[in-house]
Amino acid sequence: MSRYIAFDVETPNRFNNRMSAIGITVIEDGIITRKLYSLINPETSFDYFNTQLTGISEEMVQDKPTFPEIWNKIEPLMSSGILVAHNAPFDMSVLKCCLKDYGIVWETHAPYLCTVQIGRRVLPKMSHRLNSMCDYYRIELDHHHAGSDSLACAKILLQYIESGTDVTQFIKTYSF
């Protein structure tokens, strides 16, 4: 499959079970074809740390769509390819929590790639933090902005592919 759905989420608090923002970048046949970003009303409290990290406050999301509302718009995208995230276990677990908390039935399993795990194999002697990888590949980054982070993740994946890495060998399955 040559369609990848790079995504990144921001969370409002230490529980990491709700989203305050999501960014999605679609790659088709080696080309970025679509970008989507949305703030999300997580219908829960915000921690000071998360607000400082992401710049997203409770006031900013009061009139934004809730997760079920945004899910209706993004589900076709999320179902249309292999999910990709930088430190994918985190983003996948937040997605799983949101689906479960709102009683949304989706896939029971989804294929995914983690650009951190690929990087540890491809470039074993360097830091695989998102900002470090972006510095290495000269990718512009507004760190902890879900739209920028998902675009950076997509560009890192494309760097791996363009360097000859067979990323399909790193595909795993996540259980929802």
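All residue numbers refer to positions in the sequence shown, counting from 1.
- Considering every non-hydrogen atom in both Leu95 and Met19, the closest pair reads CA-CE, 3.8 Å.
- At distances below 3.5 Å, at least one donor-acceptor pair connects side-chain atoms of Thr51 with backbone N or O atoms of Ile56.
- Summarising the geometry of Cys153 relative to Ala6, their closest heavy-atom pair is SG-CB, 4.2 Å, with the distance given to 0.1 Å.
- Heavy-atom minimum distance, Leu130 versus Ala152: CD1-CB, 4.1 Å.
- Between the side chain of Asp91 and the backbone N or O of Asp8, no donor-acceptor pair lies under 3.5 Å.
- Linking ILVMFWY side-chain heavy atoms closer than 4.5 Å, directly or via other members, places Ile156 and Val167 in a single hydrophobic cluster.
- Of the possible donor and acceptor atoms, one in the side chain of Thr165 sits under 3.5 Å from a partner among the backbone N and O of Tyr160.
- The two atoms that bring Ser79 and Trp106 nearest to each other are OG-NE1, 2.8 Å, heavy atoms only.
- Under a hydrophobic clustering in which Ile, Leu, Val, Met, Phe, Trp and Tyr are joined whenever their side-chain heavy atoms come within less than 4.5 Å, directly or via other members, Ile139 and Tyr37 fall into different clusters.
- In this structure, Asp47 contributes its side chain and Phe49 its backbone to no donor-acceptor pair below 3.5 Å.
- Taking CD of Glu43 as the start and CD of Glu58 as the end, the distance is 11.5 Å to the nearest 0.5 Å.
- A search for salt bridge (charged side-chain N to carboxylate O under 4.0 Å, His left out) contacts involving Arg138 returns nothing, not counting sequence neighbours.
- Rounding to the nearest 0.5 Å places OH of Tyr137 at 11.0 Å from CG of Leu158.
- With rounding to the nearest 0.5 Å, the separation of CG in Asn50 from OG in Ser45 is 9.5 Å.
- The CE atom of Met78 sits 5.0 Å away from the CD1 atom of Ile24 when rounded to the nearest 0.5 Å.
- With hydrogens and angles disregarded, a donor-acceptor distance shorter than 3.5 Å links the side chain of His128 to the backbone of Met126.
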Donor-acceptor contacts, no H, no angles, side chain residues 60-70, under 3.5 Å, sequence neighbours left out:
unit_1: Thr66; atom_1: OG1; unit_2: Glu69; atom_2: OE1; d: 3.3
unit_1: Glu69; atom_1: OE1; unit_2: Thr66; atom_2: N; d: 2.7

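- Side-chain atoms of Gln159 and Met133, non-hydrogen and from C-beta on, never get closer than 4.5 Å to each other.
- Here the straight-line distance linking atom CZ of Arg18 with atom CZ of Phe46 works out to 11.0 Å at 0.5 Å rounding.
- When the side chains of ILVMFWY residues are joined at heavy-atom separations under 4.5 Å, either directly or via intervening members, Ile74 and Leu151 end up in two distinct hydrophobic clusters.
- The distance from the CD1 atom of Ile5 to the CG atom of Leu113 is 11.5 Å, given to the nearest 0.5 Å.
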